[in-house]
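Written out below as structure tokens is the structure these notes cover.
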Amino acid sequence: HEAVHHDGAHRPGERKGFVQEMRVVAMRLHTKDQAREGKQEESALPITEWRPTRADFLQFLVDSKAVYDFMEGYVAGEASKGNPLFKPFVNTGLERGQALASDIAWFRDELGYQVPEPTEAAQRYIDYLRGLFERSPEAVLCHWYNYYFAHTAGGRMIGRNMENMLFGDGPNAKRFEFYKWERDVKQILDEVRERIDEVAKDWPREVKDACLNETGLAFAYSGTILNNLAK
Ligand code: HEM
């Protein structure tokens with residue numbers, strides 16, 4: 001049966017579980033150009049028009065790594081303290097920190113780049129997440145979901161464009177570890193969806209809504225990191 005909420009309204013996707021609720025909110029924030037279900041009118045530069053340099057791409061990898069390292073460190077730390085909210089999200093197979101470390105090392109060792117520090121934008125996102133973990137740990141799950149799932153969808157399309165544009169698309173094309181998973185990523189996503197639904201199933205409506213309400217900020221902060229490329 002469906003619970004009756006204080007405002008009497010049903011949330012789209014609610015019957016299917018909480019992941020579907022988060023997905024519906026996320027898809028509404030895409031532009032029509034980004035995804036079939038996108039609802040926003042065009043505003044951002046389409047990804048096929050992005051013309052960053054290799055150094056910009058390296059900065060994007062460094063910023064992404066800073067955020068993933070923070071999320072992965074936090075989740076592992078909480079899980080080791082026995083926090084049931086984060087326990088299901090340790091070693092899911094979605095972790096990106098190590099893959100990014102090897103891609104960044106490749107830039108340094110093979111191309112001779114000096115590895116930059118993360119930008120202030122990445123640092124601001126991490127500071128925001130740290131504060132949110134203190135105030136409202138459930139709401140962090142929205143950022144976690146959006147950050148990891150976005151990377152498997154639009155993130156992969158962006159990655160392929162970057163690889164082809166900056167490193168060529170022949171048979172020996174460079175393919176970054178950031179865009180490879182140890183198992184079929186679709187299967188990992190299915191497993192993680194089940195875990196999110198299980199963790200969130202007894203959350204009161206207010207807690208679910210507070211989590212859903214983070215979606216805009218998840219997009220805004222991820223957008224500042226994508227800005228390394230969207231130029
Ligand atoms: C899904 C594109 C940015 C979160 C998708 C999908 C596409 C896409 C094509 C697949 C839709 C489908 O499964 O039918 C893009 C592009 C982006 C972008 C081109 C930027 C240029 C973002 C951002 C976020 C985000 C910034 C949030 C931080 C998601 C989520 C899904 C999704 C949560 C659902 C994934 C799933 O259900 O497995 N995106 N996206 N996307 N995107 Fe994005």
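Just follow the structure's listing: the first ligand is 1, and inside any ligand the first atom is 1.
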Requested in this report: Could you tell me whether K65 and D103 make a salt bridge, using a distance below 4.0 angstrom between a side-chain N and a carboxylate O?
Outcome: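 No, this pair does not count.
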Requested in this report: Work out which heavy atom in R195 is nearest to a heavy atom in V90; give both atom names and the distance.
Outcome: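 Minimum heavy-atom separation between R195 and V90: NH1-O, 4.4 Å.
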If you look at each N/O of ligand 1, which protein N/O atoms lie under 3.5 Å away, and at what distance?
from, atom 1, to, atom 2, distance (Å)
ligand 1, 13 (O), R23, NH2, 2.9
ligand 1, 14 (O), R23, NH2, 3.2
ligand 1, 14 (O), E37, OE2, 3.4
ligand 1, 37 (O), R23, NE, 2.7
ligand 1, 38 (O), R193, NH2, 2.8
ligand 1, 39 (N), H30, NE2, 2.9
ligand 1, 40 (N), H30, NE2, 2.9
ligand 1, 41 (N), H30, NE2, 2.9
ligand 1, 42 (N), H30, NE2, 2.9

Query raised in the report: How are the rings of W144 and F89 set relative to one another: parallel (under 30°), tilted (30 to 60°) or perpendicular (over 60°)?
Result: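 Rings of W144 and F89: tilted, as their planes differ by 30° to 60°.
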Query - Aromatic plane relationship, H151 with Y68 - under 30° parallel, 30 to 60° tilted, over 60° perpendicular - result: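 Ring orientation, 0 to 90° scale: perpendicular.
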Query raised in the report: Is it true that the side chains of N227 and T224 contain a donor and an acceptor less than 3.5 Å apart?
Result: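 Short answer, no.
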Query raised in the report: Does the side chain of E191 come within less than 4.5 Å of R183's, by heavy atoms?
Result: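 Counting from C-beta outward, R183 and E191 do come under 4.5 Å.
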